[in-house]
Amino acid sequence: MSGAFAGSRALGSHALGLRALGVGILYNEAVSTLLKAEPGMVDFLSIMPDLFWTDHGTGAEKNRFVELDSWTEFLDWAVGRMPVVAHSIGLSLGSAAFDDDDYVEQLADWHRRYGFLWHSDHLSFAQVRSASGHEQHAGMAVPLPYDFEVLDMVAGRIRALRPKLPSPFLIENAVTYLRFADEDMSEPEFLNALVRQSGCFILLDLHNLHTNARNHGFDALDFLRRLDLAAVMEVHIAGGGEIAGMYTDSHSGACPEPVWALLEEVLPRAPNLKGVTFEFHDSYFPVFGAAGVHAELARAKSIWSRHRGP
Amino acid sequence: MSLESFQRALCDLVASPDLCLAVREDSGAALAAYTLTARERERLAAVVWQRGMSTNCTLYRSNRITPVYTLLPFTCRALGGQFQPLIEAFWRARVFGDGQFLSEVDRFGMFLRRRIAEGGVASPFAGELLAFELARNELAFLPRKAALERVAALPAPDPAAPCALHPLARAVAFSHDPVALLDAAAAGALPPALPERAALVVLSVVTGALTVLQIPEPARLACRLTAEGGALWPLASLAPDLARAGLLVAAAAGGTAPGICGESMLEFTNFRAP
Ligand SMILES: [Fe+2]
């Protein structure tokens with residue numbers, strides 16, 4: 001670890017004591033069938049807790065979060081068989097005007113129930129306040145400009161969140177189709193500073209990095225050289241495709257070659273990396289197929305074992 | 001305040017290609033409603049020219065439309081060319097507040113129901129297909145375990161006594177042959193018209209998978225009467241299929257009258273079961 005990245009020494013020691021897991025998969029309904037048939041196909045499972053319940057919103061008088069029985073039955077089955085980590089989509093940590101204590105409490109409750117080894121969410125925002133003062137959702141994850149003002153705000157929100165969740169907290173680098181001019185920092189500088197100021201770890205999504213590098217014409221390897229890889233606890237890998245001249249992070253199936261090359265690059269240089277998660281969207285499963293999923297997992301496992309041992 | 005306003009402007013741009021064009025045209029005027037620093041204003045005026053902004057607008061629309069297509073496929077087929085203007089009218093009428101795509105589908109369903117009642121939808125099948133799909137979706141997301149535990153605590157339904165529909169079942173009224181209509185919708189080949197015929201189907205997820213049962217005429221009439229609040233009828237004897245399928249529960253012990261989805265109750269308010 002280079003001296004420039006001294007910030008990662010401040011990372012929680014309990015988190016660094018977690019054992020390295022290997023290769024996991026992000027849960028969807030197609031994954032459920034595959035895992036039931038072969039629980040040993042992955043070393044761990046990542047789940048989006050938000051998909052396991054219907055959220056009736058902050059205005060709901062009671063039973064705001066109604067859990068989906070068939071999904072929680074699967075989770076009950078899985079927790080006894082494999083380590084599970086949580087990857088939420090609702091914290092909207094980049095929002096300048098948003099807080100949802102009940103949602104955080106629901107996540108904390110699920111941590112107590114399922115013992116997630118770590119928790120991650122995204123470096124972006126989705127929730128704003130409309131002109132009339134009501135909640136407004138962006139309909140997608142919107143990226144942030146890498147400015148000091150944004151850094152202070154997000155770091156403050158993560159510092160406030162961390163004591164409420166009983167596990168290490170990871171922030172995922174965003175995919176962005178826009179470029180903001182005149183930013184205070186580069187993305188790796190922003191992420192390194194966020195780690196220092198908030199005590200979070202990084203979920204490094206290599207397909208997001210590849211997508212940004214390809215669309216905006218920068219060198220992903222240079223990004224990795226400038227990122228504090230000691231803060232990376234989880235890596236995401238995925239596939240994507242072109243929409244009207246832009247390469248998008250659609251999670252449509254096999255990882256492209258540059259993502260595998262980035263994984264080869266990161267694995268030997270990320271000493272605190274605990275797991276590599278393959279993500280795909282289940283709407284592509286009919287085309288991608290079980291064989292496609294197994295092939296990606298096998299390739300990720302062989303890269304993992306080459307660098308980390310079996 | 002200005003970061004908050006900048007984020008709201010970005011959300012508004014992602015949701016509205018028209019606003020993007022207006023900012024291209026005259027950023028000062030189009031962004032006048034937002035409290036922005038000079039740097040934020042310049043950034044917004046620049047991003048509307050980037051190809052990535054149209055990618056964002058496309059993703060936004062696809063994120064919002066996909067759940068509707070997925071959860072209301074038959075209704076979308078029935079609406080045909082009217083779907084696009086209707087969903088856009090819905091988006092204009094209501095801020096996307098909570099990011100809950102499933103509730104959004106329900107809200108679009110309610111919006112559509114009003115439009116159908118006002119005569120603003122051309123398809124003669126949209127109302128019943130919408131009622132069918134909303135009922136199916138509701139059942140798919142109900143807490144099944146708790147409902148089954150509630151029913152297990154009830155006494156067995158008495159065939160001669162009033163009983164109610166299982167909490168994991170819904171009755172949906174059709175005004176065309178349900179089999180012909182649902183088959184045509186599933187095949188993506190809805191005819192311009194079908195003979196009118198009142199019918200009632202019961203959807204259920206009691207066994208875990210969705211089952212759909214058409215119930216006979218006397219039971220249909222009984223359901224219509226009980227649904228509007230009258231006494232509960234001995235449905236088990238009127239509709240033995242429902243009883244055999246385990247879709248009836250003892251009413252006296254806490255079951256509820258079967259509501260009927262998709263049928264106006266107003267014309268039956270003077271009826272009471274004898
Ligand atoms: Fe990811």
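- At a threshold of 4.5 Å between non-hydrogen side-chain atoms, the residues S54(B) and Y177(A) do not count as touching.
- Other residues, nucleotides and ligands contribute at most 12 non-hydrogen atoms within 6.0 Å of the CD atom of E25(B).
- Between G139(A) and N63(B), the shortest heavy-atom contact is O-ND2, 2.9 Å.
- Here CZ of R144(B) is found 8.5 Å from OG of S70(A). Values are rounded to the nearest 0.5 Å.
- Ranked by heavy-atom pairs shorter than 4.5 Å toward chain B, the options L68(A), D50(A), N215(A), D55(A) are led by D55(A).
- At a 4.5 Å heavy-atom cutoff, the contact between L144(A) and chain B is made by side-chain atoms alone.
- Remark: side-chain polar atoms of Q7(B) are not paired, donor with acceptor, to backbone N or O of F125(A) under 3.5 angstrom.
- Rounded to the nearest 0.5 Å, atoms CZ (F141(B)) and CD (E67(A)) are 14.5 Å apart.
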Exercise for review: For the pair L3(B) and E149(A), evaluate side-chain contact (heavy atoms from CB on, under 4.5 Å) and give the outcome as yes or no after the intermediate values.
Suggested key: CA-CA 9 Å; L3(B) 181 59; E149(A) 180 192 14; 3.5 Å; yes

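- T176(A) OG1 to N56(B) CG: the interatomic distance, rounded to the nearest 0.5 Å, is 7.0 Å.
- Residue I243(A) holds its CD1 atom at 5.5 Å from CG of L59(B), rounded to the nearest 0.5 Å.
- Between the CG atom in L178(A) and the OG1 atom in T55(B) there is a gap of 8.5 Å [rounded to 0.5 Å].
- Side-chain atoms of R43(B) come within 3.5 Å of backbone N or O of D182(A) as a donor-acceptor pair.
- One N or O on the side chain of R8(B) and one on the backbone of R129(A) form a donor-acceptor pair closer than 3.5 Å.
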Check your understanding: After noting the C-alpha distance and the side-chain angles of Q136(A) and D12(B), does the key distance pass the side-chain contact (heavy atoms from CB on, under 4.5 Å) rule?
Key -> CA-CA 10 Å; Q136(A) 181 182 336; D12(B) 291 346; 2.9 Å; yes

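- Annotation: maximal heavy-atom pairing with chain B below 4.5 Å, among A181(A), S283(A), G90(A), A126(A), occurs at A181(A).
- Once rounded to the nearest 0.5 Å, the distance linking CZ of F180(A) with CD of E42(B) reads 14.0 Å.
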